[in-house]
Protein chains: 2
Amino acid sequence: MAREKKIDMVILGLLFHEDLTGYDIKKRIDGAISFFWKGSFGNIYPSLKDMQTRKLIQSSDTSVGGREKITYHITEEGKEALKEWLNEDLAINELRYETLLKLFFSGAGSRKTALHNIENFEKQIKTDLELLKVYCKNLENNMKNEDHLYYYLTVTFGIDSYEAYLKWCTKAKKMLRLEAR
Amino acid sequence: MAREKKIDMVILGLLFHEDLTGYDIKKRIDGAISFFWKGSFGNIYPSLKDMQTRKLIQSSDTSVGGREKITYHITEEGKEALKEWLNEDLAINELRYETLLKLFFSGAGSRKTALHNIENFEKQIKTDLELLKVYCKNLENNMKNEDHLYYYLTVTFGIDSYEAYLKWCTKAKKMLRLEAR
DNA sequence: CCTAAATATATCAAAATGATATATCTGTGT
DNA sequence: ACACAGATATATCATTTTGATATATTTAGG
């Protein structure tokens, strides 16, 4: 059996709630989802075409004037495929943190470089954490349906782990400054 | 300027300390590094050939009997390239957590499925956390050089964040069980 | 002495990434 | 009325990564 293309599931998950264009899908992925998954035009558009031939989604032309616009709709087969994936036990969870990679190899550099890289990371995380907290507050005032609960849980995952990262940053910086070479 | 191939930096980082074969490199990457970065034969071997033509590394044939074996050694240019990368401010840090993706789309499934996916995640994390703690204990008894300090910091990053994940799992499971549909 | 596991290199299809090309529509300031 | 920046929208491409497989040799255990 061919390996499952994850972008397909992201798209099906989004189309489960509403009809969207490829461009809309990209915007949704760039929102809260981007904290734990990415997508690009380079895989969204091919996936849309492919899933249409596999009858998991249907397209309808909703062009306005000269502006081309193709809106996609999930089929029953598409909903089935999504549910099957949700029920599979396998889930691949991966970190790809270049900051940690650089830190690991900092023996080839200096304490100063290592500290600098951690400070950059800290800055990145603080910015993202602020954003997540805004999402969280908005959700708390508007937890009206099941989907909001799942959304809320992913946001709190982000907040909790980012807060742990920041605590680690403080510890790590202290160690790098104290333990004289 | 061509985009930087990250696998090159991983290999240079490893070769900075010792000469290695492609197979050795794969084994190193599959160790502690695998918690924050991955590598496969499919990009290790091509990278080795490419970096050799770019004079960042040198190869020497160390075959034993009929067994082919090519050992690589970092050059001064290679060391320079590694240091340059360490000194670049840019670092791409990405999470790719299929568990969170499934949780986010659990509206298409059920509370039961969502809970099941979190329990699977919890199991995965607990196993990995145990391993990280072993690494940590070994390091604490053997913190003799600068490299061990950097290694130790990446390991504590893993431990701290995984512990935060587990706390989140407990909270999330409670919410999913309490908040009746 | 057999065999399973580890060592070792290499390649390939499939998927993801990141950038770019092309064209249209919308809102803002002048 | 007009220019023009920015948002909307689809599409493609080279590069990189992933995951699997092919091939062959050596080592360790029963």
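Every chain is numbered from 1, with letters handed out A, B, ... down the list of sequences.
- A heavy-atom distance below 4.5 Å is found between the side chains of A:W37 and B:R96.
- When rounded to the nearest whole Å, the span between CG of B:N43 and P of C:dA15 equals 18 Å.
- For B:K126, the NZ atom is loosely surrounded, since the number of other residues' heavy atoms within 6.0 Å does not exceed 12.
- The side chain of A:K49 lies closest to D:dA11, out of D:dA11, C:dG18, C:dA6.
- Atom C1' of nucleotide D:dT18 and atom CG of A:L90 are separated by 14 Å, given to the nearest angstrom.
- For A:Y23, a side-chain nitrogen or oxygen approaches OP1 or OP2 of D:dT8 to under 4.0 Å.
- Look at A:Y45 and you'll find a side-chain N or O under 4.0 angstrom from OP1 or OP2 of D:dT10.
- Here D:dA22 presents its C1' atom at 14 Å from CD of B:E68, a figure rounded to the nearest Å.
- Atom pair B:M9:CE and D:dT16:P shows a separation of 11 Å (rounding to whole Å applied).
- With the nearest nucleotide of DNA chain C identified for both A:V64 and A:K38, A:K38 has the one nearer the 5' end.
- Under a cut-off of 6.0 angstrom, the local environment of NZ in A:K167 is sparse, with at most 12 non-hydrogen atoms contributed by other residues, nucleotides or ligands.
- Comparing A:R67 and A:G42 against DNA chain D, the residue whose closest nucleotide sits nearer the 5' end is A:R67.
- Residue A:K26 has no polar side-chain atom (N or O) positioned under 4.0 Å from OP1 or OP2 of D:dT8.
- Between A:T21 and D:dT10, a side-chain N or O to OP1/OP2 separation shorter than 4.0 Å is present.
- Of all nucleotides listed (C:dA8, D:dT17, C:dA15), D:dT17 comes nearest to the side chain of B:K5.
- Here the nucleotide nearest the side chain of A:K69, chosen from D:dA9, C:dA16, D:dT17, is D:dA9.
- For B:F41, the listed nucleotide lying nearest its side chain is D:dA20; candidates were D:dA9, D:dT17, D:dA20.
- Residue B:I44 contributes atom CD1, which lies 18 Å from atom P of D:dT21 at whole-angstrom precision.
- If A:I7 and B:P46 are placed on DNA chain C by their nearest nucleotide, the residue sitting closer to the 5' end is B:P46.
- Atom CG of B:D30 and atom P of D:dG19 are 11 Å apart (whole Å).
- Residue A:R96 places no side-chain N or O under 4.0 Å from the OP1 or OP2 atom of C:dT17.
- Relative ring orientation between A:Y97 and A:Y165 is described as perpendicular, the plane-to-plane angle rising above 60° on a 0-90° scale split at 30° and 60°.
- Ring geometry, A:F157 versus B:W168: the interplanar angle exceeds 60°, so the pair is classed perpendicular (tilted spans 30 to 60°).
- Distance B:I33 CD1 to D:dT17 P: 15 Å, rounded to the nearest Å.
- For the pair B:I92 CD1 and C:dT17 P, the computed distance is 11 Å after rounding to whole Å.
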